[in-house]
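Remember, it's 1-based here, ligands and their atoms both numbered in the order they're listed. Keep in mind it's a predicted model, so treat the numbers as computed, not measured.
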Amino acid sequence: MTAQTVLISGAGIGGPTLAYWLKAAGFEPTIVEYAPTLRSGGYVIDFWGLGYDIAARMGLLDKINSAGYHIREMRVVNGKGERISGFGTNVFRELTGGRYVTIGRSDLSRLLFEKIKTDTEIVFGDEVVGLQERADSVQVTFEHGGQRRFDLVIGADGLHSAVRRVVFGSQDQFEKRLGYVVAAFEVSGYRPRDENVYVTYCQPGRMLGRVALNEDQTLFLFVFAKDIDAGSEMFDPTVQKALLREVFDDGKWQTSRILAEMERTQALYFDRVSQIKMPRWSQGRVALVGDAAFCVSLMAGQGSALAMMSAYVLAGELAKARHEIAFARYEKLLRGFIEKKQQGAERFASAFAPKTQLGLFFRNQVIRATAIPGLARLTFGRDIVDTLQLPDYQWPHLT
Ligand SMILES: Cc1cc2nc3c(=O)[nH]c(=O)nc-3n(C[C@H](O)[C@H](O)[C@H](O)COP(=O)(O)OP(=O)(O)OC[C@H]3O[C@@H](n4cnc5c(N)ncnc54)[C@H](O)[C@@H]3O)c2cc1C
């Protein structure tokens, strides 16, 4: 019997994970990635929980831990750079049994990609623009690559998924905007570095973070309260930089220097902070995983792990049953769990960059309280510890 073919749109986190486990289940995956090469830079992510367990099953832990960072302190500073609040990150390590690391999103993506690149067809610089379902397959139209048939198509193409748009309709039907914008960029040679400390400067409605990376790079992360729609301004770096200057340039802490560095960067990550809530994650022979299906947003601090988990479960269910049954089981297993993660992220969003001075005061008190281990467990425990058991599947082609 010939292997079933599966087109995966997106080579981020969920896409390569899905390709790996589909291969292990005996399918023949092809990945199409819109970017001309694997995306680099971006931002760092905290990685633990079920994603960490799946990475272990893929034999990736050593590489992930050596590419990653072991942040020891979250530090909040005032306008003069003095520490006003913060906590040691031991509590995260305790709650996760030491299975916790901070890593560049693009480093995790690259490590996942390396697991599949030699035995999976990968097409860069193209994207799905049309999907037509037939009785026994899906006819896919690519922007550049003409038409091809696949047995199944999976959208792993992130928050702004093209597969979701083509099959389910426009993003605004499913997008819940959390009222924040996030931006990030990296520079080389910035001082001071404060190795393994995540330093943040917060004012009502805005937060600017700084973390030292390998090879003398420094990452800056901006989060601020603003509700912007999908208008073209979002895609113009000049407009984005002007907006960041307008919001952050208060002349305090290191803001002026950081904004001057930003002017020179060619690679500014900039997006609104949103969740995706869909009534269904599949239709016919097409399904979605990761951010494309259920983006929990950066406020959950776990989107990558969840993208990997959804890929693993989808592949495992497809290994057991026909796609109609597998897609339904996949959603039944995960939907409740994901909804709780989304609710947790929404709760956290209101505390992340408080919009008033009073809110900021309370947030800093809570951060102070988390320096006391028992309280930290109470504050974080519910959102950090995963309650779902990873199912065990048969992987006849696992090498
Ligand atoms: C600032 C920030 C901080 C975060 N912090 C954390 C954290 O601490 N921990 C954590 O686990 N998660 C975090 N996340 C979330 C995490 O990055 C995402 O949830 C995760 O990357 C989702 O993986 P994905 O594979 O679904 O999508 P992505 O990683 O977004 O990958 C999608 C891929 O699809 C490609 N693509 C897009 N459009 C198309 C198209 N039309 N055709 C083909 N390919 C396409 C993209 O180029 C990309 O390669 C954070 C996110 C942000 C923005």
Side-chain angles (χ1 to χ4, degrees), residues 7-19 30-52 54-55 68-69 71 92 100-110 112-113 122-129 140 142-145 153-166 171 178 180-185 198 207 209 211 219-223 269-276 288-311 314 338 341-342 345 348 352 384 386:
L7 177 70
I8 301 168
S9 172
I13 305 295
T17 310
L18 181 63
T30 295
I31 294 187
V32 59
E33 164 61 51
Y34 163 83
T37 55
L38 212 57
R39 288 179 186 274
S40 60
Y43 46 88
V44 292
I45 57 168
D46 294 322
F47 188 60
W48 80 93
L50 295 168
Y52 198 96
I54 293 167
Y69 306 87
I71 304 290
F92 291 124
Y100 174 92
V101 64
T102 300
I103 183 169
R105 177 203 156 279
S106 57
D107 288 333
L108 177 62
S109 172
R110 174 179 50 78
L112 293 166
F113 185 78
I122 296 152
V123 181
F124 280 106
D126 208 349
E127 66 173 322
V128 172
V129 290
V140 180
F142 293 95
E143 170 77 10
H144 306 296
V153 175
I154 312 292
D157 42 4
L159 174 60
H160 305 289
S161 166
V163 171
R164 186 183 59 229
R165 190 178 59 247
V166 170
Q171 180 162 330
L178 296 185
Y180 291 94
V181 172
V182 56
F185 71 97
Y198 189 76
M207 188 221 79
V211 64
L219 172 79
F220 299 101
L221 181 76
F222 303 80
V223 180
Y269 170 86
F270 188 100
D271 207 345
R272 54 187 184 270
V273 178
S274 292
Q275 294 184 330
I276 294 294
L288 305 171
V289 296
D291 278 7
F294 53 72
C295 181
V296 289
S297 86
L298 74 102
M299 301 297 174
Q302 216 183 352
S304 300
L306 299 178
M308 287 176 69
M309 187 193 61
S310 64
L314 185 63
I338 294 292
K341 294 285 174 191
Q342 289 188 323
F348 186 66
F352 191 73
I384 278 212
D386 284 330

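Note that CG of L288 is 12.5 Å distant from SG of C295, once rounded to the nearest 0.5 Å. With rounding to the nearest 0.5 Å, the separation of CG in L112 from CG in L18 is 11.5 Å.
Below 30°, between 30° and 60°, or above 60°: for Y100 and F92 the angle between ring planes is below 30°, a parallel geometry. Between F222 and F185, the ring planes lie parallel to each other; the angle is under 30°, not in the 30° to 60° tilted range.
Side-chain contact between L298 and Y180: absent, with no pair of heavy atoms (C-beta onward) separated by less than 4.5 Å.
Near ligand 1, S9, G10, A11, G12, I13, G14, V32, E33, Y34, R39, Y43, I45, D46, R105, E127, A156, D157, G158, A162, V182, L221, Y269, G290, D291, L298, G301, Q302, G303, S304, A305, A307 each place a heavy atom less than 4.0 angstrom from the ligand.
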Scan the side chains in residues 155-162 for donor-acceptor partners under 3.5 Å anywhere in the protein, sequence neighbours excluded, and list what turns up.
from: D157; atom 1: OD1; to: S161; atom 2: OG; distance (Å): 2.5
from: D157; atom 1: OD2; to: S9; atom 2: OG; distance (Å): 2.9
from: D157; atom 1: OD2; to: A162; atom 2: N; distance (Å): 3.1
from: D157; atom 1: OD2; to: V163; atom 2: N; distance (Å): 3.1
from: H160; atom 1: ND1; to: Q171; atom 2: OE1; distance (Å): 3.2
from: H160; atom 1: ND1; to: Q171; atom 2: NE2; distance (Å): 3.2
from: H160; atom 1: NE2; to: D271; atom 2: OD1; distance (Å): 3.2
from: H160; atom 1: NE2; to: D271; atom 2: OD2; distance (Å): 2.8
from: S161; atom 1: OG; to: V163; atom 2: N; distance (Å): 3.4
from: S161; atom 1: OG; to: R164; atom 2: N; distance (Å): 2.9

